[in-house]
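Report on the following structure.
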Amino acid sequence: MSAYQRVLSGVRPTGHIHLGNYLGAIRNWVKMAKNSKEQLFCIVDQHALTTAADSKNLSQNTRTIAAAYIACGIDPSESAIFAQSHVPAHTELSWYLNCFAPLGWLNRMTQFKDKAGKNKEGANLGLYAYPVLMAADILIYKATHVPVGEDQKQHVELARDLAGAFNNHANLKVFPLPEPIIEKNTARIMSLRDGLSKMSKSDLSDYSRIHLLDDPDIIALKIRKAKTDSDPIPGTIKELTDRPEASNLLGIYAALSDQSIETVCRNFEGQTFSSVKQELTDILISSLTPIREKMHYLLQNQDEIDKILYRGAKIANTLAEKNLREVREILGLIPRADQLGKL
Ligand code: AMP
Ligand code: TRP
C-alpha cells in the first residue's frame with residue numbers, strides 16, 4: 001500500500017531555482033513519489049505573475065523549472081508535470097474559494113506581509129489572493145499530501161481551512177484536508193551570506209544561494225565566500241545554537257551526505273571551516289553536476305520539455321475537470337453544455 005494517496009506540489013518560475021528549492025522541496029517529492037498512488041507537480045506560472053511579472057522570460061523560466069523537476073528525479077512517465085496556466089480549472093476553483101475565504105484569514109498570511117512590505121496599499125490583489133490560488137492548486141486534485149518547505153506551511157494550512165469551509169457548506173466531505181509534509185532537517189535552508197535569512201530566489205545577491213545551474217567553479221567560489229565564524233566545529237549540535245551560518249553549512253552537508261547533523265559534527269569536530277568548506281564544495285559538485293547536465297540537455301531539447309508539459313496537462317485537466325464539475329454542481333451553477341450528463 002502507498003503511504004500517500006495523492007501528492008501535489010509546485011515551484012514558482014521566478015528567478016533561479018536553487019539549493020533550498022531542491023533540499024527543502026523537490027528532493028522530498030522524489031522520495032514521496034515512490035511511495036504514493038498519484039503525483040502531480042506543477043510549475044505555478046500564474047503565481048509568478050503576482051510579483052513583478054517578467055513576461056519576457058516567463059515561458060523560458062517555466063521550462064527551466066520543468067527541466068529541474070525531471071533532472072532532480074521526478075519521472076514524467078509516473079508523475080504529471082505541468083504548467084498551472086494549462087489547467088484553467090485552478091483559476092476557476094480559486095474564484096469559488098475566494099468566496100469562502102474571510103479577509104481575516106488572508107490578513108494573517110505572513111508571506112503577503114513580507115512581500116507587500118510597507119506599501120500594502122500598493123500591493124496587487126493577486127498577491128493578496130495568492131494563498132487562495134495555491135489552495136485551489138491543491139484542492140482541485142483532492143490532493144492529500146503537499147511536500148513543501150517551512151515557509152509554505154501557513155499556506156497549506158489555509159488550504160485545509162478552505163477545504164473545511166467548503167465541506168461544511170456542502171455538508172459533504174468533498175475535499176480531503178491536505179497535509180503539509182515538511183522535512184525537518186531541510187525545511188529552511190539559509191542564505192550563504194546571512195544565516196538568519198532564508199535562501200531565496202528574490203535575494204539580490206547571487207552569492208546568497210547555490211543555483212542548480214551553477215558550474216563547479218561558481219559553486220566553489222560561492223562556498224569559499226560563504227559567511228562563517230572563526231570557531232572550530234563543535235562535537236554536538238547543542239553548541240551550534242548561536243552559530244546560524246555554521247549550522248546552515250553543516251546542515252547542507254548532512255542533507256547531501258544523508259547523515260544526521262550529529263554525525264557530521266562528530267566527524268568534523270575540532271576542524272576549522274576551511275576543511276569543511278572543501279568537503280562541502282566537493283559534495284555539492286558531485287550532487288549537483290548530474291542535475292545540471294540533465295537540465296542543460298533538456299533545455300537544449302525544448303520540444304521534449306513541451307511534450308512532457310502537454311502530457312502532464314492532459315492528465316491534470318482530466319482529474320481537475322471532474323472535480324470542478326462536482327464543485328459547480330454543489331454551488332448550484334447550471335452545468336456547462338460540455339459537462340451535461342457527465343457527472
Ligand atoms: P519558491 O521558490 O518560493 O517557489 O519555493 C518552492 C518550494 O521550495 C516551496 O516548497 C518552498 O517552501 C521551498 N523552498 C524555497 N526556499 C527554501 C529554502 N530556503 N529552504 C527550504 N525550502 C525552500
Ligand atoms: N506558494 C508556493 C511557493 O512559493 C508555490 C506553490 C503554489 C505551491 N501552489 C502550490 C506549493 C501548491 C505547493 C502546492 O513556494
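Quantities reported herein were computed from a predicted structural model and do not represent experimental measurements. Counting convention: from 1, in listed order, for ligands and their atoms alike.
The closest side-chain donor-acceptor pair between Gln39 and Ser36 falls under 3.5 angstrom. Counted by atom type alone, Ser77 and Asp75 present one or more donor-acceptor pairs between their side chains at under 3.5 Å. No side-chain N or O of Ser205 forms a donor-acceptor pair with one of Ser208 less than 3.5 Å apart.
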In a table with atom names and distances, give each donor-acceptor pair under 3.5 Å that connects a side chain of residues 110-121 to protein atoms at least two apart or in another chain.
| residue | atom | partner | partner atom | Å |
| --- | --- | --- | --- | --- |
| Thr110 | OG1 | Gln154 | OE1 | 3.2 |
| Gln111 | OE1 | Gln152 | NE2 | 3.0 |
| Asn119 | OD1 | Gly122 | N | 3.1 |

Set out, in order, the CA-CA distance, both residues' side-chain angles and the distance that settles ring pair (Phe, Tyr, Trp, His ring centres under 6.0 Å) for Tyr141 and His90, then state yes or no. CA-CA 9 Å; Tyr141 303 105; His90 291 227; 5.3 Å; yes
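Here ring pair (Phe, Tyr, Trp, His ring centres under 6.0 Å) pairs that include residues 260-280, with residues two or more places apart or in two chains, are Tyr253-Phe268.
The immediate protein surroundings of ligand 2, defined as residues with any heavy atom under 4.0 Å of it, consist of Leu8, Ser9, Gly10, Arg12, Val44, His47, Tyr130, Met134, Asp137, Ile138, Val146, Val148, Gln152.
Atom CZ of Phe100 is surrounded by more than 12 heavy atoms from other residues, nucleotides or ligands within 6.0 Å.
Between His47 and Asp137 there is a side-chain heavy-atom pair separated by less than 4.5 Å.
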Provide, line by line, the atom pairs where ligand 1 and the protein bring an N/O atom each to a distance under 3.5 Å; else say none.
| residue | atom | partner | partner atom | Å |
| --- | --- | --- | --- | --- |
| ligand 1 | 2 (O) | Asn21 | ND2 | 3.0 |
| ligand 1 | 2 (O) | Lys201 | NZ | 2.6 |
| ligand 1 | 3 (O) | Arg12 | NH2 | 2.9 |
| ligand 1 | 4 (O) | Arg12 | N | 3.0 |
| ligand 1 | 4 (O) | Arg12 | NE | 3.3 |
| ligand 1 | 4 (O) | Lys201 | NZ | 3.0 |
| ligand 1 | 5 (O) | Asn21 | ND2 | 3.4 |
| ligand 1 | 8 (O) | Asn21 | ND2 | 3.1 |
| ligand 1 | 10 (O) | Gly149 | N | 3.2 |
| ligand 1 | 12 (O) | Gly149 | N | 2.9 |
| ligand 1 | 12 (O) | Asp151 | OD1 | 2.4 |
| ligand 1 | 19 (N) | Ile189 | O | 2.7 |
| ligand 1 | 19 (N) | Met199 | O | 2.8 |
| ligand 1 | 20 (N) | Ile189 | N | 2.8 |
| ligand 1 | 22 (N) | Gly20 | O | 3.3 |

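Between Ile17 and the options Ile26, Ile291, Leu213, a side-chain contact (heavy atoms from CB on, under 4.5 Å) holds for only Ile26.
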